[in-house]
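To keep things clear, I will list the structure first and then write my remarks on it.
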Number of protein chains: 2
Amino acid sequence: MDVHRSIENKVITIYDIAREAGVSAATVSRVLTNNANVRNEKKQRVLELIEKYNFKPNAMARSLSDTKSKVIGIIAADVRNPYYADMFVACEIAAQKAGYTVMLCNSLGEQIQEEKQLEKLQEQRVDVIIQMGGRVDDLVSNKSYVEKVNQLMNTIPMVVTGKLDGTQCYQVQIDAMKCMDLLTEHLIELGHREIALIGGRMDVLSTFEKFQRYKQNLSKYQIPFREDLVSEDGGYDYETGYTYMNRMLGQGIRPTAVIAINDFAAVGIVRSIQEHGLCIPQDISVVSYDNTYVSELLSPKLTTADYNYESFGEKLIETAVAAIEGREMPKIQLLPPTLIVRESSGRAPETKE
Amino acid sequence: MDVHRSIENKVITIYDIAREAGVSAATVSRVLTNNANVRNEKKQRVLELIEKYNFKPNAMARSLSDTKSKVIGIIAADVRNPYYADMFVACEIAAQKAGYTVMLCNSLGEQIQEEKQLEKLQEQRVDVIIQMGGRVDDLVSNKSYVEKVNQLMNTIPMVVTGKLDGTQCYQVQIDAMKCMDLLTEHLIELGHREIALIGGRMDVLSTFEKFQRYKQNLSKYQIPFREDLVSEDGGYDYETGYTYMNRMLGQGIRPTAVIAINDFAAVGIVRSIQEHGLCIPQDISVVSYDNTYVSELLSPKLTTADYNYESFGEKLIETAVAAIEGREMPKIQLLPPTLIVRESSGRAPETKE
DNA sequence: TTGAAAGCGCTAACAC
DNA sequence: GTGTTAGCGCTTTCAA
């Protein structure tokens with residue numbers, strides 16, 4: 001017994017509208033979709049009734065009929081991470097502009113979840129799936145996931161923020177190398193030559209690329225690479241930054257600058273440095289990736305690489321919509337980051353120059 | 001021309017399965033829904049084909065047929081705020097357990113957006129709508145929004161994290177008064193008697209309640225209420241905390257403790273205090289609301305009121321599902337907060353005792 | 001310009 | 001147990 005659908009409140013359909021307007025359901029549909037001519041007089045009558053009853057066409061019925069749901073499925077690693085939250089909201093806004101609705105699923109680091117989400121979105125008959133984070137970040141793509149996706153892509157196109165080798169997913173990525181260039185060049189210009197790199201796992205594509213680029217950049221400026229200035233595999237959280245920085249400082253290793261793999265790691269790094277009685281940026285500069293709001297909350301505020309989430313979202317949706325419509329798009333699109341200089345980076349200490 | 005649906009990859013239906021299994025579509029449907037007996041032999045044949053073709057039933061068709069979409073619409077103010085992100089993820093997890101999918105919309109502080117989202121979710125024929133933040137936070141509910149919601153509730157039940165006077169929405173709220181009790185009692189026990197309250201707007205229900213309770217608690221402990229220790233209407237962000245604390249300290253007003261309206265405001269307050277050369281908690285204690293991860297990132301880590309997002313999400317979904325099924329539920333449910341003591345609160349300075 | 005009718009893919013009532 | 005049938009609410013030919 002559904003209390004929310006009493007007799008006087010039955011949910012109304014185009015047939016109800018049609019009957020009262022003295023036209024056929026087809027005609028009501030025509031004014032709804034607005035892609036066929038209807039005599040103005042009738043159109044007005046229909047419009048008034050729609051208004052009167054606050055009629056909203058049933059999206060399920062519509063998509064059943066034209067096999068397009070007008071919804072974009074999004075799988076994110078975790079929206080509680082502001083990086084994904086920023087991207088998701090940017091996508092939502094862009095999608096709305098394009099006439100689409102989004103449906104968000106969080107995989108929360110669970111590989112099984114990712115596959116379940118894929119299936120769920122498939123059941124919902126979303127028109128396209130965008131995946132950000134998770135398996136698509138892997139340096140070497142997971143075989144069974146690739147198979148799953150390939151199977152799915154027989155019917156639903158996908159766009160990812162990383163890659164998925166062996167699939168035809170569209171890739172919209174931030175230019176990780178360029179990010180590293182921005183950060184290292186900024187530091188080197190400030191006179192730094194002992195630059196640490198902390199956080200991140202090497203089996204993550206973007207991290208791996210950053211690490212490679214870091215080495216290239218050092219050698220470009222004739223700075224020797226030092227094993228003791230980079231963390232072995234770590235994570236992307238506060239703990240990672242805090243632990244590695246503590247270890248480094250504890251061993252008497254004193255870089256003049258630290259590149260954190262993201263804003264969270266940076267927070268841990270900053271805390272460790274401050275607890276060691278050192279000042280940022282006077283003694284040590286700290287820079288990072290992502291430019292989430294965390295970088296503005298911290299004291300000092302962080303110098304960080306920004307991705308321009310708004311245009312990232314737009315590009316993602318643009319690509320997704322193009323994929324739906326079967327229009328050609330480049331398989332890989334790289335987005336340029338920009339550097340946001342704040343308080344956490346400064347000239348290298350005198351003694352080091 | 002849909003490139004993703006070539007001939008060999010047509011999306012298959014129960015009819016395809018039925019034909020190949022030599023049974024009727026109804027039988028396939030029966031094994032799908034699993035709520036009618038099917039001879040085991042046939043069942044197996046069907047199951048194998050489902051597996052073979054990786055068949056996923058079309059959720060649109062299903063909901064069209066039984067007028068239940070099994071999706072829960074969620075309107076949040078802004079998932080980029082960790083408070084909402086935590087709640088959303090908790091809801092998503094609870095919803096999945098209950099066999100539901102969630103659809104998230106962010107209103108982003110736009111009143112028009114809120115109404116649009118309502119309509120969109122209505123079109124999607126979600127089974128229930130949960131709104132967290134936005135108009136449901138208003139101390140005095142917006143007339144036209146109430147009307148809109150009442151209209152909607154003829155067909156779709158709603159549950160809100162605040163209230164909507166003049167509607168029959170289910171309310172699942174955090175006990176704001178209890179929150180304030182926790183914080184003030186903690187501070188008073190630590191010997192504080194000059195307790196400031198910073199941030200928040202008085203036209204927001206929970207803030208208003210906190211403010212009232214703050215006054216009650218002071219009087220309960222015979223502490224005089226001082227106008228100069230509370231901010232007039234402010235916001236819920238870093239700036240608010242920073243600005244008000246600066247003003248207070250600048251005017252020579254020196255509370256021994258500050259209650260921030262949320263973690264973000266707390267960050268601004270902490271920074272202001274530190275910039276004035278004061279120590280937390282030795283000179284001034286700072287406590288806040290929400291226990292988002294921000295409270296752990298900050299230095300010192302914040303003492304804050306926690307809401308147990310997991311059970312909040314569960315309660316929200318439980319109520320939503322009950323509403324869908326027409327089961328009785330209390331119209332108002334209050335969730336008890338708990339106090340998380342970290343580094344930012346300590347005994348009041350000696351001179352003040 | 002408009003209506004009749006078929007169909008989108010599924011569920012459920014009804015027979016057998 | 002299982003098939004037949006009738007919708008669910010919309011869009012879209014096809015005729016008129």
Side-chain angles (χ1 to χ4, degrees), chain A residues 2 5 10-47 49-50 53-71 99 122-127 155-156, chain B residues 2 5 10-47 49-50 53-71 99 122-127 155-156:
Chain A
D2 191 336
R5 214 155 290 178
K10 77 181 277 294
V11 12
I12 71 161
T13 71
I14 51 171
Y15 289 101
D16 301 315
I17 303 285
R19 196 180 329 105
E20 191 163 339
V23 301
S24 74
T27 297
V28 176
S29 175
R30 288 188 184 102
V31 350
L32 242 31
T33 57
N34 205 25
N35 54 16
N37 286 331
V38 173
R39 199 188 312 155
N40 215 302
E41 179 208 352
K42 296 194 175 185
K43 188 171 183 172
Q44 287 314 316
R45 244 186 296 158
V46 170
L47 252 17
L49 288 169
I50 287 178
Y53 290 111
N54 190 242
F55 168 72
K56 294 281 175 296
N58 183 327
M60 318 271 112
R62 177 173 283 177
S63 29
L64 226 212
S65 160
D66 67 7
T67 63
K68 286 274 160 262
S69 64
K70 288 301 223 176
V71 2
Q122 189 180 357
E123 285 190 15
Q124 293 295 331
R125 295 295 189 268
V126 297
D127 293 336
T155 51
I156 307 179
Chain B
D2 191 334
R5 215 156 288 180
K10 76 180 279 291
V11 13
I12 71 160
T13 71
I14 51 170
Y15 289 101
D16 301 315
I17 303 285
R19 195 180 330 106
E20 192 163 339
V23 300
S24 74
T27 297
V28 177
S29 175
R30 288 189 184 101
V31 350
L32 243 29
T33 57
N34 205 25
N35 53 16
N37 287 333
V38 174
R39 198 188 314 156
N40 216 301
E41 178 207 353
K42 296 195 175 186
K43 189 170 182 172
Q44 287 314 317
R45 244 185 297 157
V46 169
L47 251 17
L49 289 169
I50 287 178
Y53 290 113
N54 191 240
F55 168 73
K56 294 283 173 297
N58 183 327
M60 320 269 110
R62 177 174 283 176
S63 31
L64 225 212
S65 160
D66 66 6
T67 63
K68 286 274 161 261
S69 64
K70 288 300 222 178
V71 1
Q122 190 180 356
E123 284 189 16
Q124 294 294 331
R125 294 295 189 269
V126 298
D127 292 336
T155 50
I156 306 179

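Predicted model, so just to flag it, every value in this text is computed and none were measured. Side chains are part of it too, since the values below use all heavy atoms of this structure and drop only hydrogens, waters and symmetry mates. Throughout, a chain's letter reflects where its sequence line sits, starting with A, and its residues are numbered from 1.
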If a protein heavy atom is under 4.0 Å from the base, mark B; if only from the sugar-phosphate, S; if neither, -; do that for nucleotides 8-16 of chain D going 5' to 3'. BBBBBB---
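In this structure A/Thr27 satisfies the side-chain hydrogen bond (donor to acceptor under 3.5 Å, both in side chains) test together with A/Ser24, sequence neighbours excluded. Residues that satisfy the side-chain hydrogen bond (donor to acceptor under 3.5 Å, both in side chains) test with A/Asn40, not counting sequence neighbours, are A/Gln44. Annotation: side-chain contact (heavy atoms from CB on, under 4.5 Å) contacts of A/Arg39 (sequence neighbours excluded): A/Glu41, A/Lys42. Listed by chain and number, the residues in a side-chain contact (heavy atoms from CB on, under 4.5 Å) with A/Ile14 are A/Ala25, A/Val28, A/Leu32, A/Phe55 (sequence neighbours excluded).
Atom-to-atom distance recorded for A/Glu123:CD and B/Arg62:CZ is 6.5 Å, nearest 0.5 angstrom. Distance check, rounded to the nearest 0.5 Å: CZ of A/Arg125 to NZ of A/Lys68 gives 11.5 Å.
Using a 4.0 Å cutoff to heavy atoms of chain A, the contacted part of DNA chain C runs 5' to 3' from C/dT1 to C/dG9.
Annotation for B/Thr13 and B/Asp16: closest pair N-OD2, 2.7 Å, computed over non-hydrogen atoms.
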